[in-house]
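Convention: sequence-line order gives letters A, B, ...; per-chain numbering from 1.
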Amino acid sequence: MPLSTQPPGSGEPYVLVACLDNARHLSSLLRAVHFQDHATCFATANGLKVTVEDAKCIQANAFIQAEIFQEFAVQEESVTFRINLSVLLDCLTIFGTSSLPGTSTALRMCYRGYGYPLMLFLEEGGVVTVCKINTQEPEELLDFDFCSTKVVNKIILQSEGLREAFAELDMTSEVLQITMSPDKPYFRLSTFGNAGSAHLDYPRDSDLIEAFHCNQTQTNRYKISLLKPSTKALALSCKVSIRTDAQGFLSLQYMIRNEDGQIC
Amino acid sequence: MRFRAKIVDLACLNHFSRVVNTIARLAKTCTLRLTASKLYFILADKVANGGVSMWCELCQGNFFDEFQMEGVAAEHNEIYLELMPENLSRALKTAQSAKAVKIKLTNKHCPCLRVAVELPSLSSSSRIVTHDIPVGVIPRRLWNDFREPSVPDFDVSIYLPVLKTMKSVVERMKNLSNSIVIEANLSGEMNLKIETDLVSVTTHFKDLGNPPWASEDGSQSSSQGRDLESMAEARIDIKKLQQLLAGQQVNPTKALCNIVSKRIVHFILLHEDVSLQYFIPALA
């Protein structure tokens with residue numbers, strides 16, 4: 001794309017420049033965490049992290065490594081800003097969400113620093129769209145302090161196994177109860193709704209389960225409304241890891257393979 | 001006043017249905033004008049429509065196998081009806097695999113367009129589904145309200161970009177703003193812009209081409225002698241533009257727009273046998 005990194009007539013460089021040949025690599029991932037209007041973007045030399053939080057009870061992070069981008073340069077140690085995620089997604093998908101195979105939207109994202117808007121340059125088929133999105137003061141984000149070393153139970157399974165289960169969850173139940181145990185029932189999802197209680201058991205030796213490391217029997221209940229947004233991420237992913245720590249904190253990690261086969 | 005028409009050819013029927021579907025998306029109520037050779041769907045520019053007006057013209061010979069009409073009087077051999085195009089669209093939906101469709105103007109209890117759809121059936125007698133669409137007969141004294149709009153004295157005339165791209169862009173922009181600025185120049189460049197407190201987005205189209213307009217009386221139109229790079233612009237209601245683009249089910253043979261700076265944008269969409277003109281006024 002014949003667009004230079006430096007804005008014409010200005011001596012100030014951009015603190016963040018990121019280029020993608022296919023903007024869908026970014027937009028599909030961001031859609032997976034799009035359950036609130038606002039998100040905090042955090043860029044380091046490693047890549048871009050986008051965090052969405054709800055009521056200080058649930059936090060979703062989308063991480064796109066620097067290697068996924070065709071060009072990724074961060075001038076300072078870290079660059080942080082808060083932005084309207086709905087607006088960002090509308091801009092990234094300005095040429096439509098589905099396109100003919102072989103055509104893709106090229107993206108150049110530039111940020112000049114604190115107080116400046118985020119600039120997006122998108123191009124598809126010779127048509128260029130320029131977006132200027134205002135950024136805001138980054139907010140205090142919760143640090144859940146979920147440490148991988150303190151994980152008590154961990155199960156990795158193929159997403160298709162969970163997708164149907166999540167789609168059919170009894171939403172009249174206020175909670176989703178997750179049981180993970182080295183003994184029976186191994187891995188159980190339970191709901192308690194108006195019609196009664198429903199239990200979904202996964203056998204330990206199921207083909208869908210890739211890794212099973214349960215040390216303790218744990219049964220935890222989570223507000224089902226907080227888990228519903230995660231179905232978007234589940235829909236996009238190929239694998240999911242479910243981990244809990246001693247306090248019953250739940251961490252769900254989704255492995256997403258993009259159109260070019262890269263992993264996010 | 002009499003009117004009866006019949007379509008037997010399936011391709012013509014589908015084509016006609018598509019036209020009616022497009023009209024239904026653009027207007028809740030409109031005027032259907034019938035003459036011996038043509039049909040017109042007209043929306044006059046009343047305040048209730050938000051100042052938008054529409055003129056759609058079809059040659060009846062290209063659609064109907066039989067077409068007979070008798071107007072209000074010999075010297076005024078035309079019929080003007082007020083109807084809701086959505087009703088006609090829904091009636092035609094049942095005709096997707098019909099053997100024939102007959103349309104007739106009736107007045108049993110109140111004036112109606114009776115659409116009789118003959119459907120294929122396994123038995124020897126055919127199945128007929130009849131829809132009665134209430135219409136209002138517009139008296140001759142009001143016919144002047146529905147004259148063909150003249151092409152405005154535009155500043156710039158330009159071909160539209162690929163409608164699919166324009167549609168996607170406008171749909172996204174509709175999420176971000178209520179109004180959109182459409183600007184174009186005589187060098188084939190068009191920009192669509194929105195600007196709000198949160199965001200500003202501009203899409204640039206190039207190499208669109210400017211249609212040649214022969215001036216009728218040989219005089220200079222206001223677009224001649226104009227600087228080629230200078231943009232004519234108008235801010236319009238984005239929903240109206242989106243409705244126009246969303247209603248296009250088939251790519252037109254020619255699509256262009258005429259911009260009168262800060263006043264009105266005149267869209268012309270031409271298909272082989274249908275022409276559609278749509279006027280969107282600029283916002284204050």
**Student:** Just to be sure I understand the criterion: a residue of residues 83-92 of chain A counts if one of its heavy atoms is under 4.5 Å from a heavy atom of chain B. Which ones qualify?
**Tutor:** A/N84, A/V87, A/D90, A/C91
**Student:** What pairs of donor and acceptor atoms, side-chain ones from residues 273-284 of chain B against any protein atom, are under 3.5 angstrom apart with sequence neighbours left out?
**Tutor:**
unit_1	atom_1	unit_2	atom_2	d
B/D273	OD1	B/H15	NE2	2.8
B/Q277	OE1	B/H266	NE2	2.8

**Student:** Do other residues, nucleotides or ligands put more than 12 heavy atoms under 6.0 Å from B/N178 CG?
**Tutor:** no
**Student:** Of all of B/I194, B/V162, B/N191, B/L176, which one pairs up most often with chain A through heavy atoms under 4.5 Å apart?
**Tutor:** B/L176
**Student:** Start with the C-alpha gap between B/V201 and A/T129, add the side-chain angles, then the distance that decides, and say whether side-chain contact (heavy atoms from CB on, under 4.5 Å) holds.
**Tutor:** CA-CA 7 Å; B/V201 183; A/T129 298; 3.4 Å; yes
**Student:** Within a 6.0 Å radius of atom CD on A/E174, are there more than 12 heavy atoms belonging to other residues, nucleotides or ligands?
**Tutor:** no
**Student:** How about B/R263: does its CZ atom have over 12 heavy atoms from other parts shown lying under 6.0 Å from it?
**Tutor:** no
**Student:** Might you confirm whether atom CD of A/Q136 has over 12 heavy atoms from other residues, nucleotides or ligands at distances under 6.0 Å?
**Tutor:** yes
**Student:** Name the region of B/D207, side chain, backbone, both or neither, that has any atom closer than 4.5 Å to a heavy atom of chain A.
**Tutor:** neither
**Student:** Could you check whether atom CD of A/Q59 has more than 12 heavy atoms from other residues, nucleotides or ligands sitting under 6.0 Å from it?
**Tutor:** yes
**Student:** Answer whether the closest heavy-atom distance between the side chains of A/K132 and B/T202 falls below 4.5 Å.
**Tutor:** no
**Student:** Using side-chain contact (heavy atoms from CB on, under 4.5 Å), reason through B/R172 and A/T93 one step at a time and then give a plain yes or no.
**Tutor:** CA-CA 8 Å; B/R172 284 285 175 276; A/T93 55; 2.7 Å; yes
**Student:** Let me see the working for B/T203 and A/V127 under side-chain contact (heavy atoms from CB on, under 4.5 Å), right down to the final yes or no.
**Tutor:** CA-CA 7 Å; B/T203 298; A/V127 182; 3.5 Å; yes
**Student:** In terms of heavy-atom pairs under 4.5 Å, which option from A/L118, A/N134, A/T135 contacts chain B the most?
**Tutor:** A/N134
**Student:** Is it the side chain or the backbone of B/T165 that comes within 4.5 Å of chain A heavy atoms, both, or neither?
**Tutor:** side chain
**Student:** Taking all heavy atoms of B/S168 and all of A/G96, pick out the closest pair and write down the distance.
**Tutor:** CB-N, 3.8 Å
**Student:** Might you confirm whether atom NZ of A/K228 has over 12 heavy atoms from other residues, nucleotides or ligands at distances under 6.0 Å?
**Tutor:** yes
